[in-house]
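So the structure is just underneath, and the comments pick up after that.
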There are 2 protein chains.
Amino acid sequence: MMNMGLAKTEIFTAHQNQIAIFAKAFGHPARVAILQQLFKMDNCYCGNLVDQIGLAQPTISQHLKELRNLGLIKGQVEGTSVCYCIDKENWAAMKEVMGDFLDQDLPENEDCC
Amino acid sequence: MMNMGLAKTEIFTAHQNQIAIFAKAFGHPARVAILQQLFKMDNCYCGNLVDQIGLAQPTISQHLKELRNLGLIKGQVEGTSVCYCIDKENWAAMKEVMGDFLDQDLPENEDCC
DNA sequence: TCATTTAATTGCAATATTACAATAAACGAC
DNA sequence: GTCGTTTATTGTAATATTGCAATTAAATGA
């Protein structure tokens with residue numbers, strides 16, 4: 001069979017896929033923890049994240065790459081280190097998309113169930 | 001090797017895992033589409049969702065089950081049909097958790113990168 | 001130059017997710 | 001009862017995700 005295990009993104013709107021892509025980024029506690037650290041700390045070197053979160057360095061690096069590819073964070077090379085931080089603009093744009101989804105209102109009528 | 005392919009949830013806080021679990025629910029466009037329909041329509045029978053979204057009935061049923069297990073929707077049996085709708089209370093609780101995460105503020109200092 | 005430090009990449013093992021055909025279950029109509 | 005209707009469940013195939021050891025890459029410093 002053809003596309004098993006693969007989401008059929010082509011049958012959904014770009015907007016629906018966009019929401020799903022953002023949500024997937026938050027769908028792992030390691031990425032949640034990374035983002036929380038970046039919001040909290042000045043110090044945002046990759047090594048710090050490895051220390052603070054209890055995962056191996058390649059694993060953290062992989063999660064950072066996903067967040068970077070999505071544009072939610074950016075990394076600046078400083079010698080042998082890389083300093084990561086939130087991409088404020090892209091975060092705000094994401095927040096609007098996700099916020100609109102979460103803030104949907106139900107119609108006035110009774111609950112149907 | 002032991003836990004490959006499995007998120008190491010035990011090293012994260014309950015709050016971080018909670019955010020990830022909610023986010024994962026929105027991490028597939030079919031579930032996004034289902035929830036949007038439930039917000040928009042009075043008519044929320046399983047069969048309608050199968051018609052409106054282009055996935056097979058067992059696939060929709062599976063996605064509905066995930067949303068139901070999370071508590072974001074509830075289903076009421078009416079004869080041979082099942083009427084689904086948003087669980088308003090649980091949706092509001094989820095919205096608060098996710099909203100707090102999305103609305104985090106950066107410290108005042110300069111961007112570190 | 002060469003060792004050290006830091007992070008990214010590669011390769012791989014194991015589990016999770018997605019999708020659907022086939023089937024079952026539950027109900028109503030007759 | 002039997003037949004259709006609707007939804008859930010089971011089983012299975014295929015891809016995705018997670019995690020880490022080993023390695024590589026790039027910069028620094030002695």
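A note on names: the letters A, B, ... follow the listed sequences, proteins ahead of strands, and every chain is numbered from 1.
Between A:L67 and A:I34, some side-chain heavy-atom pair lies under the 4.5 Å cut-off. Side chains of B:I19 and B:F12 form no contact here, defined as non-hydrogen atoms less than 4.5 Å apart. Side chains of A:S61 and A:Q57 form a contact here, defined as non-hydrogen atoms less than 4.5 Å apart.
Taking atom CG on A:L49 and atom C1' on C:dT6, their separation rounds to 13 Å, with Å as the unit. One interatomic measurement links the two molecules: CD1 of B:I11 to P of D:dT18, which rounds to 13 Å at whole-angstrom precision. Note: CG (A:N69) to P (C:dA8) measures 11 Å, nearest angstrom. One interatomic measurement links the two molecules: CD of B:E10 to P of D:dT18, which rounds to 15 Å at whole-angstrom precision. To the nearest angstrom, P of C:dA26 lies 18 Å from CD of B:E78. In this structure, CD1 of B:I60 is placed 16 Å from P of D:dT6, rounded to the nearest angstrom. Between B:D51 atom CG and D:dT7 atom C1' the separation is 13 Å, expressed in whole Å. Distance, A:Q57 CD to C:dA8 P: 7 Å, rounded to whole Å.
Which of C:dT9, C:dA8, D:dT7 sits closest to the side chain of A:P58 comes down to C:dT9.
Counting all heavy atoms, side chain and backbone alike, B:H15 lies closest to B:V97 at NE2-CG1, 4.3 Å.
B:N69 contributes no side-chain N or O that, together with a main-chain N or O of B:E66, makes up a donor-acceptor pair within less than 3.5 Å.
Ring orientation note: the planes of A:H63 and A:H28 are tilted relative to one another, at an angle of 30° to 60°.
The side chain of B:Y45 places no N or O atom within less than 4.0 Å of a non-bridging phosphate oxygen (OP1 or OP2) of D:dT5. Proximity of A:Y84 to the phosphate of C:dA8: a side-chain N or O atom is located under 4.0 Å from OP1 or OP2.
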Would you tabulate the nitrogen or oxygen pairs shorter than 3.5 Å linking the protein to nucleotides 16-19 of chain C?
unit_1: C:dT17; atom_1: OP1; unit_2: B:K24; atom_2: NZ; d: 3.3
unit_1: C:dT18; atom_1: OP1; unit_2: B:R31; atom_2: NH2; d: 3.3
unit_1: C:dT18; atom_1: OP2; unit_2: B:R31; atom_2: NH1; d: 3.1
unit_1: C:dT18; atom_1: O3'; unit_2: B:H28; atom_2: NE2; d: 3.2
unit_1: C:dT18; atom_1: O2; unit_2: A:G5; atom_2: N; d: 2.6
unit_1: C:dA19; atom_1: OP1; unit_2: A:K8; atom_2: N; d: 2.8
unit_1: C:dA19; atom_1: OP1; unit_2: B:H28; atom_2: NE2; d: 3.4
unit_1: C:dA19; atom_1: OP2; unit_2: B:H28; atom_2: NE2; d: 3.1
unit_1: C:dA19; atom_1: OP2; unit_2: B:H63; atom_2: NE2; d: 2.9
unit_1: C:dA19; atom_1: N7; unit_2: B:Q62; atom_2: NE2; d: 3.4

Point to revise | Evaluation steps, ring-ring contact (aromatic ring centres under 6.0 Å, His included), between A:F26 and B:F101 | key: CA-CA 10 Å; A:F26 307 136; B:F101 174 70; 5.2 Å; yes
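When the nearest nucleotides of DNA chain C are assigned to A:S81 and A:K65 by heavy-atom distance, the more 5′-ward of the two goes with A:S81.
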